[in-house]
Amino acid sequence: MASPMQSSILPANADSLAQALEAVNPNESISLLYHILEDTSSSSEALRIKEQTISKLSDLLTQEKKAEELRSLLTQLRPFFSLIPKAKTAKIVRGIIDAVAKIPGTSELQISLCKEMVEWTRAEKRTFLRQRVEAKLAALLMESQEYSEALNLLSSLIKEVRRLDDKLLLVDIDLLESKLHFSLRNLPKAKAALTAARTAANAIYVPPAQQGTIDLQSGILHAEEKDYKTAYSYFFEAFEAFNALEDPRAVFSLKYMLLCKIMVHQADDVAGIISSKAGLHYLGPDLDAMKAVADAHSKRSLKFFETALRNYKAQLEEDPIVHRHLSSLYGTLMEQNLCRLIEPYSRVEIAHVAEMIELPFDHVEKKLSQMILDKKFAGTLDQGAGCLIIFDDPKTDAIFPATLETMSNIGKVVDSLYIRSARIMA
C-alpha cells in the first residue's frame, strides 16, 4: 500500500491541525494529518501537536474502518517514538492497537500487529510496553481459541512480571490466566489464578472496570460450582461497577444475575429485576431471552423452554456460560416432567409419553434410559414392545439395619470389657 505521506508537508502547529480537522471530507482530513506528521521539526510544541495529530488520525482511520492503514501508521511512527518519552510511546502504541480492535473482523490482523510490536519492543528494549502488548496478544489468542500458544505466552510473562512486582499488570495477567483455564475446563487452576489476581488487587488501587472484571469472573466460577447465591452477589457487584461506567459488559452481568435467579428456582423474581430502574436501561434481546426462560421455568413447560432456545439462539445457545447452565436446567426440568407423567402407570408406551411431553420419541427414550441408570426411578425399557415398565419401589427390610446396630453395640461392649480386664490384670 502506498504511503499517504507523499504530498506537500504541513508545519506541525495548531493552525495546520485545525485546517486538517475542518476538512469536510474524512479522506481529505486523513491526508492533511499525514502531511503534519511528515514535518521533521522536533521542538516540544511540534511534538505535542504531532501527538494530537496521531490521536485524531487513529480516530478517523477507525471511523473509516481502515485497519491496514492503522497498522502501517504504527510502523511509520517508529522514528517518531525515539523522540518522545517511553510512557507516551506506550500510550500511543496501545491506543492504535485498541483502535484496530474497534474495527470488526480484524482478529487475525490484531494478532499479527501485536506480534510485530512484540518483536520491535524486544529489539528496542522497551520492557514495560512489551509486557503489555504480550498480555494483549495472549487475550487475542484466547479469543481465537489458540489456547496452547496463549498459555505458553502467559506462563513466561507471569514469571517475568512477578519478578518486577508490577501489581497492576499482574492483576490483568492473572485474570486472563483464570479465563484461559476456565475455557479449558480446568476449574482448580482457574480458581487459583483468580485468587492470585485478588491478592495482587488488594495491595493496590484497582480501577472500577478492572474490579468489575474480577467480580464477573468470580461469579462465573461460583456459578460453575452450582453456588448460585454467591455467584449472584458477585454478578451484582460487577453490574454496579459496569453500570456506573456505562460499560457494555453491564448487560452480561445483569443477564447472569437473572440466570442465577432461574437456577435457584426463583424465576418469579426475574420480571421484578428487569422492570427495576437499572433493568429498564438494558431492555433488549438478552433480557427478553432470560424472561422467556424464566416464564418456561415457572410453568415447568419444556415446550416453552425449547421455543425460548429457538427464538433466542444467539443470546442463549451461543453464550457458552448461559448455555452450559441452561442445559443442566433443561435436563432437570425434563426429568421432573417425565416423573410426573409416568407416576400413575406401571406399564406405558414410550410413544404415549413422548406425545404427552411433546418431544421426539428418540429423545424421550434416551432420557428414560438415562434416568433408570441414574436410579431416578425403578424400571426397565422393553424396546421390543416400545414400552416402559415401572417397578414399585423396593421396600427395605427393617431387620437388617437393626441387626447391624445390635452387632455394633455388642462390639462396643466387648471392647469395654477388654479394657476393664486389661486394667485388672495390670
Side-chain angles (χ1 to χ4, degrees), residues 51 54-55 58-59 62 85-102 110 114 117 121 126-143 150 153-154 157-158 160-183 190-222 230-257 278 281-282 321:
E51 284 169 32
I54 293 164
S55 174
S58 63
D59 288 347
T62 307
K86 288 185 177 181
K88 284 188 177 178
T89 300
K91 185 182 176 185
I92 291 169
V93 170
R94 290 164 69 192
I96 292 175
I97 292 172
D98 290 342
V100 176
K102 290 175 187 172
Q110 288 177 64
C114 285
M117 290 313 297
T121 50
R126 294 176 183 253
T127 308
F128 176 87
L129 177 57
R130 176 180 55 77
Q131 289 169 347
R132 276 149 183 79
V133 176
E134 282 185 335
K136 175 73 175 175
L137 176 58
L140 290 167
L141 289 169
M142 186 182 76
E143 284 171 20
L153 181 58
L154 277 181
L157 188 57
I158 284 171
E160 191 181 341
V161 174
R162 282 211 174 113
R163 263 199 320 272
L164 295 171
D165 202 32
D166 185 343
K167 290 278 195 296
L168 198 58
L169 181 58
L170 197 56
V171 172
D172 275 337
I173 295 169
D174 283 330
L175 255 178
L176 191 56
E177 189 189 15
S178 177
K179 290 176 185 175
L180 186 54
H181 284 304
F182 178 73
S183 300
K191 285 171 69 182
L194 182 64
T195 304
R198 283 192 170 282
T199 306
N202 287 338
I204 54 165
Y205 167 75
V206 176
Q210 202 170 30
Q211 187 59 54
T213 309
I214 293 171
D215 290 331
L216 185 62
Q217 183 67 6
S218 300
I220 289 168
L221 293 182
H222 278 284
T230 308
Y232 178 87
S233 65
Y234 277 119
F235 287 138
F236 181 74
E237 291 291 335
F239 172 71
E240 290 215 310
F242 293 142
N243 184 40
L245 296 167
E246 296 184 356
D247 189 304
R249 287 176 292 175
V251 72
F252 293 107
S253 304
L254 183 56
K255 183 177 169 182
Y256 299 151
M257 281 165 60
H281 186 63
Y282 295 98
I321 294 157

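Hydrogens, waters and symmetry mates are skipped; everything else that's a heavy atom, side chains included, is used.
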Check your understanding: Shortest non-hydrogen contact from Ser58 to Thr62?
Key -> O-OG1, 2.6 Å
Revision key, fill the gap. When every non-hydrogen atom of Ala150 is compared with those of Met142, the smallest separation belongs to CB-N, 4.1 Å
Practice item. Locate the shortest heavy-atom distance separating Gln217 from Leu175; write the atom from each residue and the value. Key: CB-CD2, 4.0 Å
Point to revise | Contact summary for Gly219 and Ala231, nearest pair of heavy atoms | key: O-CB, 3.3 Å
**Study point:** Between CD1 on residue Ile173 and CG on residue Leu153, distance to nearest 0.5 Å
**Key:** 9.0 Å
Point to revise | Nearest-0.5 Å distance, CD1 of residue Ile204 to CG of residue Asp166 | key: 8.0 Å
Point to revise | Stepwise side chain to side chain contact (heavy atoms under 4.5 Å, CB included) test for Leu168 and Gln210 | key: CA-CA 10 Å; Leu168 198 58; Gln210 202 170 30; 3.4 Å; yes
Review point. Yes or no on side chain to side chain contact (heavy atoms under 4.5 Å, CB included) for Asp98 and Lys136, after CA distance, side-chain angles and deciding distance?
Key: CA-CA 9 Å; Asp98 290 342; Lys136 175 73 175 175; 3.9 Å; yes
Practice item. First locate atom CG of Leu254, then atom CZ of Phe236, and finally report the distance between them rounded to the nearest 0.5 Å. Key: 10.0 Å
**Study point:** Thr127/Glu160 under side chain to side chain contact (heavy atoms under 4.5 Å, CB included): CA gap, chis, key distance, verdict
**Key:** CA-CA 10 Å; Thr127 308; Glu160 191 181 341; 3.7 Å; yes
Practice item. Side-chain contact test, heavy atoms from C-beta onward, threshold under 4.5 Å: evaluate it for Val133 versus Arg130 and give yes or no. Key: no
Check your understanding: Where does the angle between the aromatic ring planes of Tyr256 and Phe252 fall among parallel (under 30°), tilted (30 to 60°) and perpendicular (over 60°)?
Key -> tilted
Practice item. Taking the side chain as every heavy atom from C-beta outward, state whether Gln131 and Leu164 have any atom pair closer than 4.5 Å. Key: yes
Check your understanding: How many angstroms lie between CG in Leu154 and CG in Leu176, if you round to the nearest 0.5 Å?
Key -> 5.0 Å
Review point. If every non-hydrogen atom of Ser253 is compared with every non-hydrogen atom of Leu216, which pair is closest and at what distance?
Key: OG-CD1, 3.7 Å
Review point. Which of parallel (below 30°), tilted (30 to 60°) and perpendicular (above 60°) describes Tyr234 and His222?
Key: parallel
Check your understanding: Around Tyr282, counting heavy atoms of other residues, nucleotides and ligands shown, do more than 12 lie under 6.0 Å from its OH?
Key -> yes
Study note, to complete from the structure: d(Asp215 CG, Ile220 CD1) to nearest 0.5 Å is 11.0 Å
Review point. So, Ser55 side chain and Glu51 main chain: donor-acceptor pair closer than 3.5 Å or not?
Key: no
Exercise for review: Take Arg163 and Asp165 through the salt bridge (Lys or Arg N to Asp or Glu O under 4.0 Å) test and state the conclusion after the steps.
Suggested key: CA-CA 5 Å; Arg163 263 199 320 272; Asp165 202 32; over 6 Å; no
Exercise for review: Verify, without hydrogens or angle tests, whether Arg198 (side chain) and Leu194 (backbone) share a donor-acceptor contact under 3.5 angstrom.
Suggested key: no
Check your understanding: In Å, rounded to the nearest 0.5 Å, how long is the span from NZ of Lys255 to CZ of Phe239?
Key -> 14.5 Å
Practice item. For the residue pair Ile214 and Val171, establish whether any side-chain heavy-atom pair is separated by less than 4.5 Å. Key: yes
Check your understanding: For the residue pair Phe242 and Gly212, what are the closest heavy atoms and their distance?
Key -> CZ-C, 3.4 Å
Practice item. Hey, could you give me each pair passing salt bridge (Lys or Arg N to Asp or Glu O under 4.0 Å) that has a residue in residues 171-183? Not counting sequence neighbours. Key: Arg162-Asp174
